[in-house]
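Not measured: the values here are computed from a predicted model. Numbered from 1 within each chain, the chains take letters A, B, ... in sequence-line order.
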Amino acid sequence: MVKAIRGFNDILPGESGLWRWFESEAQRVFETYGFAEIRLPVVEKTELFIRGIGDTTDIVSKEMYTFPDRKGESLTLRPEGTASAVRAYVEHKQYTSPLTKVYYSGPMFRYERPQKGRQRQFYQIGAEVLGDASPAADAETIAMLMDFFKAVGVEGTLYINSLGCSSCRPVYKIELLRFLGVHTDELCKNCTKRIEENPLRALDCKSPKCREATTEAPSIIDHLCLDCNKHFDDVIDLLNLMKIKYHTDHRMVRGLDYYTRTTFEVKAEGLGAQDTIAAGGRYDKLVSELNGPDTPCVGFALGMERLAIVYNSNEDANKPAPLDEPLIYVITLGKAARKAGMEIIKGLREDGRRVEADLMGESVKKSMKRADKLGAAYALLLGDNELEEGKITIKDMKAAEQTNVPLDKISTWLAERASKKA
RNA sequence: GUGGGCGUAGCUCAAUGGUAGAGCACCUGACUGUGACUCAGGAUGCUGGGGGUUCAAUUCCCCUCGCCCACCCCA
């Protein structure tokens, strides 16, 4: 048997509706904030991610699906969406308009060991604001994300931090390095190695040893420059104003190089170790890094399978609106009836009704059983008896009552029924 | 990449060194043109794959593959 490859999962019919609903709720909420959908390629030149995400990051250095195409060019299955969104922004010179707000959803790929809430092909919904430096853009983006969680009825806890900018972060880094230098012995060996490439990461190491060692470490928040500090305060003020609850977490650091200033994460219960369902922040340098004009941006991405896990473990989660079009199940007996039935079915569908039919000529008993399984509101029965009279038997499955209705009156009968019930 | 756990029917899971069972689902009938409830019956397994120990392995040992969880990393 050929199986799907590791970390690549099917989303079966029973679950796909939930995913579609997440996407449609995201669409609904995001569009009220003035975002428009962008559809991006799944494969990009490898160079885009090396330059965009940073070649020392774990994602780029060991988690990408990279391969040469038939001409030998190095391509990569996208591990995230922001780099592509920015590439498209620069490529299509969208900066000629003052502000671009886009959202996207789709599969991302990272070669990691699968575990709960983590697979190799995973789905993200993301949003990016390109061309707005204001704290209001950060706050609004966060508000939109929290609105989305509310829309699907999922509880998340918001954490925010600031990583400073190119003028204050290096100063802080030196300060932090000085501290870590003194405490090198107390760090886990992972972090001792990390000091060189990204010392900030030592702050959010899970090892109790490191947590202990860094409790007295200098905080980024105390080292922000005037502008960054004001920006952070303004974001906080706006969140307060909008009554959005948050925790500041000065240890929260990013694995992707492009982040500056505001960063945030939403965590949820029930996910095990992978408890972040959404993460994002400001990235003011990425556009210029990818050869566009200096363009400040904010964005986030949320993980759909993690969202689904939290959603499914939460009794209070909002439910997708059920299909309001009642299902009609048509049962025909005999050749003549089947022929006549086809026409009736076609007519009903043209009226926009949801119709399924027994086309295999099974017994009435079996067909009724099937109608019941499918949750049909009505079963229509057409056999020789009915054909002779030019009528059809309509059974209301729930009420367990049936009546005969002339063939040309089926639609009006159903419509009357519906209006009576409503 | 590292560690731990687990692979038995479509699903959830039992069992024993002597070649496997339950519940759910499925199918058939009681009801020859009527579902749900009931009752009676039925089918289903290379016990993940390979090797070893043994008279005998689903059970014990080794390898391998897969899944899960954790580390790592991240959404």
Side-chain angles (χ1 to χ4, degrees), chain A residues 1 3-9 12 14 53 57-64 78-82 105-127 145 156 188-191 193-194 198 201 204-208 252-256 264-268 271-281 299-310 329 331-334 337 358 361-387 392-402:
Chain A
M1 180 172 48
K3 291 193 190 163
I5 56 183
R6 163 175 261 208
F8 288 67
N9 303 128
L12 297 171
I53 301 172
T57 59
D58 285 297
I59 292 179
V60 172
S61 63
K62 52 188 194 205
E63 295 176 1
M64 295 206 301
R78 62 177 183 194
E80 57 110 44
T82 303
S105 80
M108 306 295 164
F109 305 85
R110 290 181 202 169
Y111 191 90
E112 299 181 275
R113 193 88 173 251
Q115 70 186 68
K116 187 170 187 172
R118 187 171 82 185
Q119 34 283 117
R120 289 179 173 182
Q121 174 172 332
F122 60 101
Y123 290 79
Q124 287 191 335
I125 299 177
L145 177 61
C188 70
K189 53 176 185 287
N190 224 319
C191 285
K193 248 192 291 173
R194 266 204 293 238
N198 192 350
R201 298 223 49 119
D204 73 346
C205 181
K206 274 186 201 163
S207 143
M252 192 176 71
V253 146
R254 286 281 97 125
L256 288 71
F264 54 91
E265 264 181 38
V266 178
K267 297 188 186 227
L271 279 168
Q274 314 297 324
D275 60 353
T276 301
I277 45 176
F300 64 77
L302 66 98
M304 287 220 264
E305 22 300 88
R306 290 184 190 178
L307 180 65
I309 292 169
V310 178
Y329 195 87
I331 303 165
T332 55
L333 290 163
D358 147 51
E362 293 181 312
S363 70
V364 173
K365 183 191 179 72
K366 250 180 138 173
S367 294
M368 287 304 267
K369 212 167 188 172
R370 229 182 117 57
D372 187 50
K373 273 259 156 67
L374 291 170
Y378 302 103
L380 308 203
L381 190 60
L382 190 63
D384 295 339
N385 304 350
E386 285 84 358
L387 273 184
I392 196 163
T393 300
I394 302 185
K395 178 165 186 174
D396 182 321
M397 297 295 282
K398 207 160 180 191
E401 296 164 355
Q402 56 187 52

Practice item. Specify the separation, in whole Å, of atom OH of A:Tyr329 and atom C1' of B:G35. Key: 11 Å
Check your understanding: Under 4.0 angstrom, heavy atoms only, what part of the nucleic acid is A:Gly117 near: base, sugar-phosphate, or nothing?
Key -> base
Practice item. For B:C13 versus B:A25, give the span between their C1' atoms, rounded off to a whole number of Å. Key: 14 Å
Check your understanding: Between B:A20 and B:A57, how far is it from one C1' atom to the other, in whole Å?
Key -> 13 Å
Practice item. Could you check A:Pro114 against A:Gln274 and say which one's nearest nucleotide on RNA chain B is further toward the 5' end? Key: A:Pro114
Review point. Under the 3.5 Å rule, do the base of B:C72 and the side chain of A:Arg118 count as making a donor-acceptor pair?
Key: yes
Exercise for review: Searching all strands shown, indicate the nucleotide that pairs with B:U19 (Watson-Crick or G-U wobble; both distances under 3.5 Å).
Suggested key: none
Point to revise | Separation between the C1' atoms of B:C31 and B:G35, rounded to whole Å | key: 12 Å
Review point. Atom CG of A:Leu380 and atom CD1 of A:Ile331: how far apart are they, to the nearest 0.5 Å?
Key: 8.5 Å
Exercise for review: Indicate whether OP1 or OP2 belonging to B:A70 is found under 4.0 Å from a side-chain N or O atom of A:Gln115.
Suggested key: yes
**Study point:** Whole-Å gap separating C1' (B:G35) and OH (A:Tyr378)
**Key:** 16 Å
Revision key, fill the gap. In this structure, NZ of A:Lys366 is separated from NZ of A:Lys373 (nearest 0.5 Å) by 11.5 Å
**Study point:** Identity of whatever pairs with B:A57 - Watson-Crick or G-U, under 3.5 angstrom
**Key:** none
**Study point:** Residue matched to B:C39 through Watson-Crick or wobble contacts both under 3.5 angstrom
**Key:** B:G29
Point to revise | For atom CZ of A:Arg370 and atom C1' of B:C26, their distance in whole Å | key: 13 Å
Point to revise | Length of the line joining A:Asp275:CG and B:C72:C1', which is rounded to integer Å | key: 15 Å
Review point. How many angstroms lie between atom CD1 of A:Ile309 and atom CD of A:Glu305, to the nearest 0.5 angstrom?
Key: 7.5 Å
Point to revise | side chain to side chain contact (heavy atoms under 4.5 Å, CB included) assessment of A:Asp396 paired with A:Tyr378 | key: CA-CA 5 Å; A:Asp396 182 321; A:Tyr378 302 103; 4.0 Å; yes
Practice item. Under 4.0 Å between any heavy atoms, over every strand shown, what does A:Glu401 touch: base, sugar-phosphate, or nothing? Just pick one. Key: nothing
Check your understanding: How would you label the contact of A:Ala371 with the nucleic acid (heavy atoms, under 4.0 Å): base, sugar-phosphate, or nothing?
Key -> nothing
Review point. Think A:Lys366 has a side-chain N or O under 4.0 angstrom from the OP1 or OP2 of B:U28?
Key: yes
**Study point:** For atom OH of A:Tyr111 and atom C1' of B:C74, their distance in whole Å
**Key:** 17 Å
Exercise for review: Could you pick out which residue, A:Asp396 or A:Ala4, lies toward the 5' side of RNA chain B when each is mapped onto its nearest nucleotide?
Suggested key: A:Asp396
Practice item. Classify the nucleic acid contact of A:Ala379 as base, sugar-phosphate or nothing, counting any heavy atom under 4.0 Å across all strands shown. Key: nothing
Review point. CD/A:Gln124 to OG1/A:Thr82 distance, rounded to the nearest 0.5 angstrom?
Key: 8.0 Å
Review point. How far, in whole Å, is B:G17 from B:A75 if one measures between their C1' atoms?
Key: 49 Å
**Study point:** B:U44 and B:C37, which share atom name C1', separated by this distance in whole Å
**Key:** 27 Å
Exercise for review: Quote, to the nearest angstrom, the P distance that separates B:C24 from B:C69.
Suggested key: 29 Å
Check your understanding: Given B:C67, is OP1 or OP2 found less than 4.0 Å from the side-chain N or O atoms of A:Arg6?
Key -> yes
Revision key, fill the gap. Using Watson-Crick geometry (N1-N3 plus N6-O4 or O6-N4) or G-U wobble (N1-O2, O6-N3), each under 3.5 Å, B:G45 is paired with none
Exercise for review: Figure out the NZ/C1' separation between A:Lys369 and B:C27, and round it to whole Å.
Suggested key: 9 Å
Check your understanding: Could a donor-acceptor pair under 3.5 angstrom be found where the side chain of A:Glu112 meets the base of B:G1?
Key -> no
Practice item. Confirm from the modelled atom types if A:Lys395 and B:U34 form a donor-acceptor pair under 3.5 Å, side chain to base only. Key: yes
Revision key, fill the gap. Taking a pair to mean Watson-Crick or G-U wobble geometry with both distances below 3.5 Å, B:A70 pairs with B:U2
Exercise for review: Give the rounded distance in Å between these two atoms: CZ of A:Arg113 and P of B:C69.
Suggested key: 12 Å
**Study point:** Base B:G33 paired with A:Asp384 side chain (donor-acceptor, <3.5 Å)
**Key:** no
Exercise for review: Under 4.0 Å between any heavy atoms, over every strand shown, what does A:Leu381 touch: base, sugar-phosphate, or nothing? Just pick one.
Suggested key: base
Review point. Nearest of B:A75, B:U34, B:A36 to any side-chain atom of A:Asp372?
Key: B:A36
Practice item. Taking atom types as modelled, find out whether A:Glu386 and A:Thr393 have a side-chain donor-acceptor pair closer than 3.5 angstrom. Key: yes
Practice item. Could you give the distance separating B:C39 and B:G23 at their P atoms, to the nearest angstrom? Key: 12 Å
Check your understanding: Stepwise, does the side chain to side chain contact (heavy atoms under 4.5 Å, CB included) test hold for A:Arg306 with A:Phe122?
Key -> CA-CA 9 Å; A:Arg306 290 184 190 178; A:Phe122 60 101; over 6 Å; no
Check your understanding: Base, sugar-phosphate, or nothing: which does A:Glu63 touch, judged by heavy atoms less than 4.0 Å apart?
Key -> sugar-phosphate
**Study point:** Phosphate contact (B:A75 OP1 or OP2) by A:Arg120 side-chain N/O below 4.0 Å
**Key:** no
Check your understanding: A:Lys365 near the nucleic acid: base, sugar-phosphate alone, or nothing, with a heavy-atom cut-off under 4.0 Å?
Key -> base
Check your understanding: Which part of the nucleic acid does A:Leu302 contact within heavy-atom distance under 4.0 Å: base, sugar-phosphate only, or nothing?
Key -> nothing
Review point. In whole Å, what separates the C1' atom of B:C62 from that of B:U28?
Key: 47 Å
Revision key, fill the gap. Distance col, row A:Asp58:CG vs A:Arg201:CZ, nearest 0.5 angstrom, shows 7.0 Å
Review point. For the pair made of NZ in A:Lys3 and P in B:U64, what is the distance, rounded to whole Å?
Key: 18 Å
